[in-house]
There are 2 protein chains.
Amino acid sequence: MPKSHFPEIRELDLFQGMQEDHFLALMRGAYVQNFPPQIELINEGDPSDFLHIVLSGSVDLFSTWNRRETSMATVRPISTFILAATIKDAPYLMSARTLEKSRIVLVPSEDVRAVFDIDPVFAQAIVTELAQCYRSVVKSTKDLKLRTSLERLANYLLRQQTRADGAAEFDLLIEKRRLASFLGMTPENLSRAFKGLHAYGVMVEGIKVRISNQRDLERFAKPSPLIDDYST
Amino acid sequence: MPKSHFPEIRELDLFQGMQEDHFLALMRGAYVQNFPPQIELINEGDPSDFLHIVLSGSVDLFSTWNRRETSMATVRPISTFILAATIKDAPYLMSARTLEKSRIVLVPSEDVRAVFDIDPVFAQAIVTELAQCYRSVVKSTKDLKLRTSLERLANYLLRQQTRADGAAEFDLLIEKRRLASFLGMTPENLSRAFKGLHAYGVMVEGIKVRISNQRDLERFAKPSPLIDDYST
DNA sequence: CGGGGTCTTGACCCTCCTCAAGGAAAGTGG
DNA sequence: CCACTTTCCTTGAGGAGGGTCAAGACCCCG
């Protein structure tokens with residue numbers, strides 16, 4: 001794999017503090033690949049052969065059961081996914097597909113486990129990352145069980161707004177059908193939910209969202225750090 | 001804390017392989033406490049001062065938002081809970097209350113983090129445990145998003161049956177109102193769901209469940225290892 | 001034998017899904 | 001650059017799943 005990618009990968013929390021030769025050992029076995037959109041990288045149930053790192057583009061993590069499908073998360077650069085399966089050497093619980101043209105690094109799971117065994121700093125970073133992932137899923141479960149779809153959408157918009165540095169107007173980063181699935185509803189219902197948020201000063205046109213009445217929306221959404229803070 | 005509890009705690013995957021003096025250091029700072037039923041041990045949002053270990057009784061992990069409440073999990077002996085918050089030194093995401101008279105060990109979070117830093121075997125065990133927790137929550141999210149309430153109940157019963165070594169008749173281990181909340185529905189709706197499973201040979205009387213037609217129920221429930229296997 | 005909780009049942013209603021069709025974008029090939 | 005195709009988004013009508021409210025049955029425990 002080309003060394004030009006090393007710095008940006010090294011920057012990741014996961015690899016930051018680890019010993020240089022261990023990092024190089026990981027990179028030695030890794031390789032980069034470019035994928036077109038809509039390619040299935042991973043099929044849930046498969047053995048977890050690689051830790052994946054998204055360098056560019058974006059990846060959808062989704063799951064299926066009984067001919068139904070739901071979107072679980074979207075992975076954006078630069079970050080890793082399916083760390084837990086790699087560590088436990090257990091089958092993937094989610095499938096993954098590219099949403100756009102994407103550049104992905106594949107690090108053999110064995111290598112990750114091997115370095116994990118000998119590098120305490122790396123081990124520590126993995127723990128932090130896993131704890132983070134765990135807490136994220138717990139939050140998303142709370143979101144699903146405690147809120148109606150309208151409330152979930154409202155809070156989602158507030159989170160996206162925070163990402164956009166609090167701007168009153170910002171773009172949706174994923175297409176609506178996928179957003180609907182992520183929020184646990186149908187595309188039709190998402191359309192109606194957007195309309196339902198008119199009452200709280202939310203205007204949507206295409207991918208453009210404008211929040212004209214911040215206070216109203218927040219009073220309706222009641223965002224909570226214990227559900228909506230993705231950082232802690 | 002009385003040494004008599006050491007062996008059973010030491011048996012836990014989390015503490016199995018670690019160095020003896022590290023284990024003793026953890027136990028030195030820990031203390032056991034007996035709680036009556038319905039005591040709130042933890043309030044979500046609080047700083048995570050202790051890693052908890054249930055020795056006997058049972059504990060409900062639940063969350064609230066906007067005057068709504070939902071049950072997230074039930075912890076039974078012998079196991080730990082809220083490891084992620086302890087490790088990340090972040091606020092608890094879930095509240096905890098005893099369901100019955102319970103004996104709980106409290107290990108100061110600082111101690112856990114300190115030993116984690118110096119004992120690689122312990123670190124490894126924590127990683128495994130966290131990965132396990134993460135995968136459990138992912139499974140439960142899939143359960144929630146991909147299945148109807150009737151399907152969730154059917155699969156829950158099959159899982160409980162497995163716990164009871166596959167017996168055709170077994171007892172529900174938690175009260176129905178809590179089960180309902182855990183499965184993401186109301187008590188009323190759970191009652192109706194039990195009736196709805198009559199058609200697949202499920203008989204319920206009080207806490208007794210009898211599965212008279214295993215094949216029918218399984219064909220309806222379509223259990224999947226990627227959602228219902230709590231071990232992987 | 002009360003009295004508190006839980007569980008069940010019924011009636012009603014609201015949320016959300018399904019199905020179907022029309023419209024808006026966006027990519028494709030001439 | 002323009003028709004064509006495809007995909008996505010929206011809108012409407014109808015219906016199923018699940019929530020709410022209220023009342024009664026059951027059950028456990030003092």
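More than 12 non-hydrogen atoms from other residues, nucleotides or ligands lie less than 6.0 angstrom from CD of B:Gln38. Crowding of B:Arg163 atom CZ: a count of heavy atoms from other residues, nucleotides or ligands under 6.0 Å not exceeding 12.
Atoms CZ (A:Arg147) and P (C:dT15) sit 18 Å apart, rounded to a whole Å. Residue A:Phe194 contributes atom CZ, which lies 12 Å from atom C1' of D:dT10 at whole-angstrom precision. Whole-Å rounding puts the A:Leu190 CG to D:dT11 P distance at 12 Å. When rounded to the nearest whole Å, the span between NZ of A:Lys195 and C1' of C:dT15 equals 17 Å. Rounded to a whole Å, the CD atom of B:Glu205 is 11 Å from the P atom of C:dT8. Going from atom CG of A:Leu153 over to atom P of C:dT15 covers 15 Å, rounded to whole Å. Rounded to an integer number of Å, the gap from B:His198 NE2 to C:dT8 C1' is 12 Å. Between the CG atom of B:Leu197 and the P atom of D:dG17 there is a distance of 13 Å, rounded to whole Å.
Using a 4.5 Å cut-off on side-chain heavy atoms (C-beta onward), B:Arg76 and B:Ile174 make contact. Side-chain contact between A:Lys142 and A:Arg147: absent, with no pair of heavy atoms (C-beta onward) separated by less than 4.5 Å. Within the 4.5 Å cutoff, the side chain of B:Lys139 has no heavy atoms near those of the B:Leu226 side chain.
Under a 4.0 Å N-O distance rule, the pair A:Glu129/B:Lys88 does not qualify as a salt bridge.
For A:Lys176, whose side chain is taken as the heavy atoms from C-beta onward, the closest listed nucleotide among D:dG19, D:dC9, C:dC7 is D:dC9.
Using a 4.0 Å heavy-atom cutoff across all strands shown, A:Gly184 reaches sugar-phosphate atoms only and no base atom. Backbone-only contact: B:Ser149 has heavy atoms under 4.0 Å from sugar-phosphate atoms and none from a base.
A donor-acceptor contact under 3.5 Å links the side chain of B:Arg192 to the base of C:dG10. The base of C:dC19 sits within donor-acceptor range of the side chain of A:Glu188, with an N or O pair under 3.5 Å.
In this structure, A:Phe81 and A:His52 have tilted ring planes: the angle between them lies in the 30° to 60° band.
A rotation axis mapping the C1' atoms of four pairs onto the next four is fitted at both ends of the helix from C:dC1-D:dG30 to C:dG30-D:dC1 over five pairs, and the angle between these axes is 40° to 10 degrees.
Between D:dG19 and B:Thr186, a contact under 4.0 Å exists linking OP1 or OP2 to a side-chain N or O.
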